[in-house]
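Below is one structure; the comments refer to it alone.
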Amino acid sequence: MNDDSRTSDPSTAAPAQAATAPVSVVVPCFRCGATIGEAVASVHAQTLRPAQVLLVDDASPDDTADALHAVAARYAPGWIEVVVLPKNGGPSRARNAGWERATQPYVAFLDADDTWVPTKLELQMRALTADPDIALIAHRMRVRDRERPAPPAPHAARTRIVPRRRLLFNNPFPTASVVLRRDLPFRFDENYRRVEDFLLWGQIGFSGYRCAKLDQVLAYWHKANYGAGGLSEDLKAMHRAGREVRRELLRQGLVSYPEHCFARGIGMVRKARQRMLLALRRATEGGATP
């Protein structure tokens with residue numbers, strides 16, 4: 001796999017609303033009644049709107065299913081399908097359930113508490129049209145407070161092919177940024193509840209499929225990622241899951257033993273760095289005065 005880059009030219013693109021994106025959007029939901037409306041609104045606001053949206057309730061013990069149906073009723077009939085799972089299985093099972101019901105050539109993922117920038121799908125589909133061999137395309141994401149106004153949406157992006165070796169370092173593809181081919185012979189491993197996305201991207205990339213990433217921020221997290229709040233148990237769990245993913249990729253023969261050892265070394269360095277940052281944060285907070 002070789003590196004290359006292309007710059008999208010908005011002047012050559014078709015009018016933004018002239019077509020529908022051949023994309024099915026899968027949104028796993030668990031107790032998401034407070035945020036799902038804003039997430040879906042960001043999908044509907046796309047300059048190139050996806051053809052299908054699947055809201056998958058992962059057996060929430062509250063009124064989430066009612067909230068999903070209420071959101072679906074705000075939009076054109078048939079655009080949103082609500083799927084209610086009978087038993088909680090975690091985000092992997094919910095995403096797979098939506099994936100299996102997808103009707104479009106491409107599948108995109110969005111979490112119920114995240115939002116997309118309006119030009120996200122337009123820029124990703126433009127890159128896929130320019131390079132149809134791309135099997136997975138992602139982009140940058142950033143944490144943003146819901147109360148703060150979003151920056152203007154970008155109208156051009158540079159596409160960079162992500163080489164195999166990049167996947168040895170860490171996960172370069174935030175889940176809510178990914179658009180992939182529906183027909184890929186992989187799914188989220190339902191035995192994993194953490195870093196399950198990294199395992200899937202690794203299976204795709206290390207199997208030789210072409211993966212790419214746009215250089216623009218086209219989606220937002222509205223809460224901190226695991227460990228960002230300084231929770232040591234979250235960090236421990238994430239590192240433990242990362243080790244399991246590396247072992248699984250080795251077991252499947254997708255990475256060599258030297259690659260596995262290299263990735264393990266990188267993981268140990270990252271773990272030490274995060275522990276140091278956590279200690280510094282706690283020391284700073286402990287010494288702060290009201």
Side-chain angles (χ1 to χ4, degrees), residues 2-27 35-53 74-76 79-80 102 104-163 166 171-182 201 210-223 225:
N2 297 321
D3 294 338
D4 64 13
S5 62
R6 297 174 174 84
T7 302
S8 301
D9 181 3
S11 66
T12 63
Q17 294 291 358
T20 298
V23 174
S24 295
V25 182
V26 175
V27 188
T35 61
I36 188 60
E38 186 176 354
V40 172
S42 77
V43 176
H44 189 262
Q46 293 296 298
T47 55
L48 191 62
R49 192 171 295 159
Q52 180 188 31
V53 178
R74 300 174 195 166
Y75 300 96
W79 185 58
I80 296 176
Q104 300 300 305
Y106 292 97
V107 177
F109 301 101
L110 175 64
D111 288 339
D113 48 9
D114 299 333
T115 56
W116 285 349
V117 170
T119 54
K120 168 201 161 68
L121 288 182
E122 179 183 347
L123 292 176
Q124 287 184 295
M125 293 311 301
R126 192 182 299 169
L128 289 168
T129 299
D131 187 350
D133 288 336
I134 293 174
L136 179 156
I137 187 166
H139 53 72
R140 295 170 56 206
M141 288 185 64
R142 185 173 295 160
V143 176
R144 180 175 65 82
D145 191 306
R146 291 182 186 275
E147 303 305 316
R148 296 184 61 186
H155 293 282
R158 185 174 295 275
T159 305
R160 182 178 183 276
I161 299 303
V162 178
R166 174 62 182 82
N171 185 357
F173 305 134
T175 306
S177 76
V178 168
V179 172
L180 50 70
R181 278 176 23 201
R182 186 191 63 179
W201 317 151
R210 192 169 174 84
C211 301
K213 189 171 184 178
L214 301 182
D215 66 350
Q216 296 284 359
V217 173
L218 297 175
Y220 293 103
W221 295 291
H222 297 292
K223 66 178 182 179
N225 296 319

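- In this structure the side chain of I134 reaches within 4.5 angstrom of the side chain of I161, judged on heavy atoms.
- Across all non-hydrogen atoms, the minimal contact from P149 to R144 is C-NH1, 4.1 Å.
- Smallest separation of non-hydrogen atoms from D111 and A39: O-CB, 4.2 Å.
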Legend entry - Chi angles and distances behind the side chain to side chain contact (heavy atoms under 4.5 Å, CB included) call for R181, Y106: CA-CA 5 Å; R181 278 176 23 201; Y106 292 97; 3.7 Å; yes

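- Note: R166 CZ to R160 CZ = 8.5 Å, rounded to the nearest 0.5 Å.
- Distance NE2/H222 to CD/E38: 5.0 Å, rounded to 0.5 Å.
- Counting heavy atoms from C-beta on, the side chains of T35 and R146 come closer than 4.5 Å.
- For Q216 (side chain) and H139 (main-chain N/O), no donor-acceptor pair under 3.5 Å exists by modelled atom type.
- Looking at E122, its side chain never comes within 3.5 Å of a backbone N or O of T47 through a donor-acceptor pair.
- The shortest heavy-atom contact between P151 and Y220 is CD-OH, 3.0 Å.
- At distances below 3.5 Å, at least one donor-acceptor pair connects side-chain atoms of Q124 with backbone N or O atoms of S177.
- Rounding to the nearest 0.5 angstrom, the gap separating the CG atom in D114 from the CZ atom in F109 is 14.0 Å.
- V23 approaches V107 most closely through the heavy-atom pair CG1-C, 4.5 Å.
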Inset, instruction - Evaluate side chain to side chain contact (heavy atoms under 4.5 Å, CB included) for R140 paired with K213, printing each intermediate quantity in order. - result: CA-CA 8 Å; R140 295 170 56 206; K213 189 171 184 178; 4.3 Å; yes

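- Looking only at atom types and distance, the side chain of S24 has no donor-acceptor partner in the side chain of Q104 under 3.5 Å away.
- Taken from CG in D113 to CH2 in W221, the straight-line distance is 11.5 Å, to the nearest 0.5 Å.
- Taken to the nearest 0.5 Å, the OG1 atom of T159 stands 5.0 Å off from the CD1 atom of I137.
- Nearest heavy-atom pair across A127 and L214 is CB-CD2, 4.1 Å.
- A pairwise comparison of heavy atoms in S42 and L110 identifies OG-CD2, 4.3 Å as the closest pair.
- In this structure, W116 contributes its side chain and A45 its backbone to no donor-acceptor pair below 3.5 Å.
- Classified by interplanar angle (parallel below 30°, tilted 30° to 60°, perpendicular above 60°), the ring pair F173/W201 is perpendicular.
- At a threshold of 4.5 Å between non-hydrogen side-chain atoms, the residues V27 and V40 do not count as touching.
- Counting heavy atoms of neighbouring residues, nucleotides and ligands inside a 6.0 Å radius, atom CZ of R142 does not exceed 12 of them.
- By the 4.5 Å heavy-atom criterion applied to side chains, M125 and L128 are counted as neighbours.
- With Q52 contributing its side chain and P22 its backbone, the two residues share no donor-acceptor pair below 3.5 Å.
- Of the inter-residue distances, the one linking R210 atom CZ with D133 atom CG reads 6.5 Å to the nearest 0.5 angstrom.
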